[in-house]
Amino acid sequence: MKLLFSEAKADYAHYIFPYAIWAFPEPGETPAHLFNQGFLPSSRDLDRFYLCRQVRVDLRRFRPSSENRRILRKGEGVAAALVPRAEFDYSQERREFIKIYADIKFGKDVMSYSRLDSLFTSKITSHLLAFSDTRTGAEVGVVTLYLEPSSAAYYYYAFYDLNYYSRNLGMFMMTTAVKLLAERGFQFLYLGSCYSENALYKTQFVGAEFFNGARWSEKSRRIEIPHPA
């Protein structure tokens with residue numbers, strides 16, 4: 001990979017930070033190579049990555065904990081289906097469902113329709129994990145994933161029906177993804193950046209590892225978020 005060290009005006013909406021280390025894949029390298037070196041995509045076409053503090057789960061070591069099993073029980077009656085992007089019907093109804101969630105969670109039009117549409121047409125989304133209520137048949141959530149069998153998977157955006165919030169649907173979706181991809185033989189699931197205590201929910205899985213900017217945490221080492229000086 002080629003590295004670029006830059007200082008720039010912060011543009012957090014586009015993953016540009018005051019000081020950044022960028023990586024650009026070279027011929028023969030796949031996104032899994034860059035994920036493994038601590039980089040996450042800053043381009044939905046997977047042609048530019050940035051170094052950051054992030055969390056992944058070593059799925060070879062994953063075993064459901066009592067907390068994971070509790071979350072899965074709360075989601076009983078919600079079924080998951082892994083669908084290749086080419087087979088996923090990005091209908092107007094689904095588009096509106098996702099936009100409503102994005103406006104509530106991120107702020108009105110922080111994720112515009114054009115930005116949302118690009119999420120479902122770019123390389124960064126190879127598969128969708130769709131969740132439905134088995135009693136009503138209604139779709140209640142969807143996760144955008146990048147899958148590179150069997151080395152790496154990237155859990156990118158999750159959208160869901162906020163009426164299911166009391167059932168911990170968001171955590172259920174992530175836990176289901178971890179369990180499903182472990183069963184399918186993937187080595188690592190990357191869960192995104194981890195810069196605050198609010199992101200520590202990503203570390204609750206057996207096999208969780210933390211990239212500190214230089215290396216992945218050792219298996220026996222407790223994951224902690226450093227406090228600002």
Side-chain angles (χ1 to χ4, degrees), residues 10-16 40-46 52 54-55 68 70-147 153-181 189-202 204:
D11 183 359
Y12 296 107
H14 295 92
Y15 305 98
I16 297 174
L40 287 179
S42 65
S43 161
R44 291 181 174 179
D45 287 326
L46 301 175
C52 67
Q54 58 165 299
V55 172
N68 298 154
R70 184 187 73 83
I71 291 295
L72 292 172
R73 285 194 300 272
K74 290 197 73 172
E76 287 180 355
V78 176
L82 185 62
V83 184
R85 190 187 73 192
E87 299 174 16
F88 184 79
D89 180 16
Y90 181 52
S91 63
Q92 185 62 28
E93 181 180 4
R94 275 176 162 156
R95 188 174 185 248
E96 292 299 330
F97 169 81
I98 292 167
K99 186 66 166 66
I100 289 171
Y101 174 92
D103 283 348
I104 293 172
K105 294 293 285 187
F106 309 141
K108 178 66 174 175
D109 291 329
V110 169
M111 180 171 279
S112 64
Y113 277 108
S114 61
R115 187 179 175 197
L116 184 63
D117 294 345
S118 74
L119 176 63
F120 287 84
T121 57
S122 301
K123 292 179 180 179
I124 202 167
T125 300
S126 68
H127 290 73
L128 289 304
L129 191 57
F131 293 81
S132 59
D133 188 319
T134 57
R135 182 179 61 86
T136 65
E139 188 167 280
V140 296
V142 63
V143 176
T144 67
L145 298 167
Y146 169 76
L147 302 185
Y154 179 38
Y155 190 101
Y156 194 26
Y157 273 100
F159 308 93
Y160 60 90
D161 186 339
L162 290 169
N163 291 318
Y164 286 73
Y165 182 81
S166 63
R167 295 178 62 181
N168 291 101
L169 183 58
M171 199 67 241
F172 172 79
M173 291 162 66
M174 180 174 284
T175 305
T176 298
V178 171
K179 183 174 181 290
L180 175 66
L181 294 171
L189 174 59
Y190 294 83
L191 298 178
S193 61
C194 188
Y195 282 91
S196 69
E197 291 186 9
N198 290 338
L200 285 175
Y201 68 90
K202 300 176 184 180
Q204 67 176 263

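Basis for what follows: all heavy atoms, side chains included, without hydrogens, waters or symmetry-related copies.
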Tightest non-hydrogen contact, residues Y155 and M174, listed as OH-N, 3.3 Å

* To do: Verify side-chain contact (heavy atoms from CB on, under 4.5 Å) between F172 and T175, making sure each step is shown before the conclusion.
  => CA-CA 5 Å; F172 172 79; T175 305; 5.8 Å; no

Using a 3.5 Å distance criterion without hydrogens, assess whether the side chain of K123 forms a donor-acceptor pair with backbone atoms of Y146. no

dist F159:CZ -> L169:CG (nearest 0.5 Å) comes out at 13.5 Å

Contacts of Y90 meeting ring-ring contact (aromatic ring centres under 6.0 Å, His included) (sequence neighbours excluded), chain-then-number -> F120

For a 4.5 angstrom cut-off between non-hydrogen side-chain atoms, does L200 reach E197? yes

In short, G170 meets Y160 closest at the heavy-atom pair CA-CE2, 3.6 Å

(message) Tell me whether K202 at atom NZ has more than 12 heavy atoms from other residues, nucleotides or ligands lying less than 6.0 Å away.
(response) yes

R44 meets the side chain to side chain contact (heavy atoms under 4.5 Å, CB included) criterion, sequence neighbours left out, with M111, R115, S118, L119, S122, I124, Y156, Y157

Quiz item: Side chains of V178 and N68: does their closest heavy-atom pair fall under 4.5 Å?
Solution: no

query = Taking R85 for the side chain and L128 for the main chain, is one N or O donor matched with an acceptor at less than 3.5 Å?
reply = no

Closest non-hydrogen contact found for A199 with S193 is CB-O, 4.2 Å

Can you confirm whether more than 12 heavy atoms, excluding those of E96, are under 6.0 Å from its CD atom?
yes

To the nearest 0.5 Å, atom CD of Q92 lies from atom CG of D89 at 11.0 Å

Problem - L181 side chain reached by L147 side chain, heavy atoms, under 4.5 Å - result: yes

Is there a side-chain contact between Q204 and M171 in this structure, where contact means two heavy atoms from C-beta onward sitting under 4.5 Å apart?
yes

Residue set satisfying side chain to side chain contact (heavy atoms under 4.5 Å, CB included) with K99, at least two apart, ordered chain then number -> D103, D109, Y113, L116

Sequence neighbours excluded, the answer for salt bridge (charged side-chain N to carboxylate O under 4.0 Å, His left out) partners of D133 is none

Under 3.5 Å donor-acceptor pairs involving side-chain atoms of residues 71-84, not counting sequence neighbours:
unit_1, atom_1, unit_2, atom_2, d
K74, NZ, S166, O, 3.1
K74, NZ, N168, OD1, 2.8

CG of L145 to OH of Y190, rounded to nearest 0.5 Å, is 14.5 Å

With sequence neighbours left out, the residues meeting side chain to side chain contact (heavy atoms under 4.5 Å, CB included) with D161 are F97, V140, N163, Y164

Beyond-backbone contact of I98 with Y101, side-chain heavy atoms, under 4.5 angstrom: no

